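Since the structure comes first, as structure tokens, the remarks are kept for the end.
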Amino acid sequence: MRRRPFARAALALSLALAVPGAPARAERVQVAILHTNDIHGQLDPEDRLLETIRALRVRHPESILLDAGDAFESKVPGSVETGGREMVGFMTRAGYDGRAFGDNEFVDFRLEDVLANLKRLPFPTLSANLRVKGEPIGLPYFVYARGGATLAVIGIYGDHKSLARFGVEELSSKKTVRQLVSALKGKVDCIVLLSHAGARRERGYAMAIPGIDVIVGGSTHAARDPVVEGQTVIVRAAARGAAVGVLELEIDTERNRVQKWRFELVPTGAATADAPP
């Protein structure tokens, strides 16, 4: 019997929390979230974005690398014909750990290629509220273990641009997030919302749904300073690969909460592996 994506995500959660022989959990641990958004297929021939990501990975070994949607772009010559293979190759080489859908993942691309990329990419696509013919596409969330802490990352699409014309059904983003946060609260150390909804709606999620520790945002292109709404910190990087966001977290694994955070926006080409944090 084929497991649905939600079942696989739930299994991942149980495994992440009960791994035989896992090291003892420290009370406070340091974890970093590296993130991009709205790359729109803009890959420079010198691979500066790739080099920046690799340098930040060395600098932050206990990290996860996420993309908040619109990595693909049909206006890039040849991208539709290859089904977005160039971006698949880049994200694979960069070592991403998860991504969310934006609307540009669908614009002008064949739906069969969009779905095929779920298998081509060696990491999960996180999509809690999108359906094709009633079936989920991607996982609603995934639990990552880093440095003795567990981080549940929920993927959501909440942009104002409807995906119905591409054959994609959208469930209520706010209702979906609220249900998942309620189910995950207390079972992981940190809840992250990987969102392609834009700054205004992402702030609305933080205001309406208690329990979200971090929102990694997309759709809004301009880089902005972090926004704190209640207990939630909202961050985003710069569009088109101009900069990578680095959110350093100090997580209290006894109380399942973020104690401290520090954000840095690293311009592409500015990071080296031996540079001080």
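Just so it is clear, the model here is predicted, and its values are computed rather than measured.
- The backbone N or O of G84 lies less than 3.5 Å from no partner atom in the side chain of S79, so there is not a single donor-acceptor pair.
- Between E248 and R262 there is a salt bridge, with a side-chain nitrogen of the basic residue lying less than 4.0 Å from a carboxylate oxygen of the acidic one.
- Hydrophobic clustering of Ile, Leu, Val, Met, Phe, Trp and Tyr side chains at less than 4.5 Å, counting indirect connections, unites L121 with M87.
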Apply side-chain contact (heavy atoms from CB on, under 4.5 Å) to L194 and I156, showing your working. CA-CA 6 Å; L194 182 62; I156 204 75; over 6 Å; no
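- By the 4.5 Å heavy-atom criterion applied to side chains, Q231 and R257 are not counted as neighbours.
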From CA spacing to verdict: side chain to side chain donor-acceptor pair (under 3.5 Å), T232, Y205: CA-CA 10 Å; T232 306; Y205 295 147; over 6 Å; no
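- A donor-acceptor contact shorter than 3.5 Å links the side chain of N37 to the backbone of A237.
- Residues V29 and L151 are members of one and the same hydrophobic cluster, defined by side-chain heavy-atom contacts under 4.5 angstrom among Ile, Leu, Val, Met, Phe, Trp and Tyr.
- Sorted by first then second residue, the side chain to side chain donor-acceptor pair (under 3.5 Å) pairs that include residues 207-230, not counting sequence neighbours, are D38-H221, H40-H221, D159-S219, R203-E229, H221-R240.
- Each side chain to side chain donor-acceptor pair (under 3.5 Å) pair with one or both residues in residues 106-125, not counting sequence neighbours, appears once here: S74-D108, R99-T125, R110-D113, N117-R120.
- Inter-residue side-chain proximity for V177 and L193 is flagged as met; some heavy-atom pair is nearer than 4.5 Å.
- At a threshold of 4.5 Å between side-chain heavy atoms, the hydrophobic network of Ile, Leu, Val, Met, Phe, Trp and Tyr places F109 and V76 in two separate groups.
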Run the side chain to side chain donor-acceptor pair (under 3.5 Å) test on S63 and R57 for me, step by step, so that the C-alpha distance in whole Å, both residues' side-chain angles and the decisive distance to 0.1 Å come before the verdict. CA-CA 7 Å; S63 63; R57 282 289 219 182; 3.1 Å; yes
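- The main-chain N or O of R48 is found under 3.5 Å from a side-chain atom of D44 such that the two form a donor-acceptor pair.
- For the pair E105 (side chain) and A71 (backbone), a donor-acceptor distance under 3.5 Å is present.
- Rounding to the nearest 0.5 Å places CG of L34 at 10.0 Å from CZ of R59.
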Set out, in order, the CA-CA distance, both residues' side-chain angles and the distance that settles side-chain contact (heavy atoms from CB on, under 4.5 Å) for I209 and K174, then state yes or no. CA-CA 8 Å; I209 306 170; K174 190 173 290 186; 4.0 Å; yes
Show your reasoning for whether side-chain contact (heavy atoms from CB on, under 4.5 Å) applies to I33 and V153. CA-CA 11 Å; I33 298 174; V153 180; over 6 Å; no
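- Counting heavy atoms from C-beta outward, L50 and R93 have side chains that approach closer than 4.5 Å.
- The residues R146 and E62 are annotated as not salt-bridged, no charged nitrogen and carboxylate oxygen being separated by less than 4.0 angstrom.
- With sequence neighbours left out, the ring pair (Phe, Tyr, Trp, His ring centres under 6.0 Å) criterion links F263 to H35.
- Two different hydrophobic clusters hold M207 and V235 under the rule that ILVMFWY side chains link at heavy-atom gaps under 4.5 Å.
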Hey, mind stepping through T150 and D189 against side chain to side chain donor-acceptor pair (under 3.5 Å) and telling me if it holds? CA-CA 5 Å; T150 52; D189 300 311; 3.2 Å; yes
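- Residues V31 and I64 have side chains not in contact (no heavy-atom distance under 4.5 Å, counting atoms from C-beta outward).
- For the pair E73 (side chain) and K75 (backbone), a donor-acceptor distance under 3.5 Å is present.
- Counted by atom type alone, T36 and D67 present one or more donor-acceptor pairs between their side chains at under 3.5 Å.
- Side-chain contact check for I212 versus R178: every heavy-atom pair is 4.5 Å or farther apart.
- Taking the ring centroids of F106 and F72, they lie at or beyond the 6.0 Å cut-off.
- Residues R236 and E202 are paired through a salt bridge, judged by an N-O separation under 4.0 Å between the basic side chain and the carboxylate.
- Of the possible donor and acceptor atoms, none in the side chain of Q179 sits under 3.5 Å from a partner among the backbone N and O of T176.
- The shortest distance between side-chain heavy atoms of F142 and L126 falls below 4.5 Å.
- Remark: side-chain polar atoms of Y144 are paired, donor with acceptor, to backbone N or O of D97 under 3.5 angstrom.
- Residue L111 is grouped with residue V88 when hydrophobic side chains (ILVMFWY) are merged at heavy-atom distances under 4.5 angstrom, including chains of intermediate members.
- Contact annotation: the side chain of V266 approaches that of T52 to within less than 4.5 Å [non-hydrogen atoms, C-beta and beyond].
- Proximity of D70 to H196: side-chain heavy atoms (C-beta onward) are separated by under 4.5 Å at one or more points.
- Formation of a donor-acceptor pair under 3.5 Å by the R201 side chain with backbone atoms of G158 is found in this model.
- Residue Q42 places its CD atom among more than 12 non-hydrogen atoms of other residues, nucleotides or ligands, all under 6.0 Å distant.
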Go through Y157 and S195 one step at a time and tell me if the side chain to side chain donor-acceptor pair (under 3.5 Å) criterion holds. CA-CA 6 Å; Y157 178 83; S195 165; over 6 Å; no
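- Using a distance-only test at 3.5 Å, with no hydrogens or angles considered, no donor-acceptor pair links the side chain of K175 to the main chain of L171.
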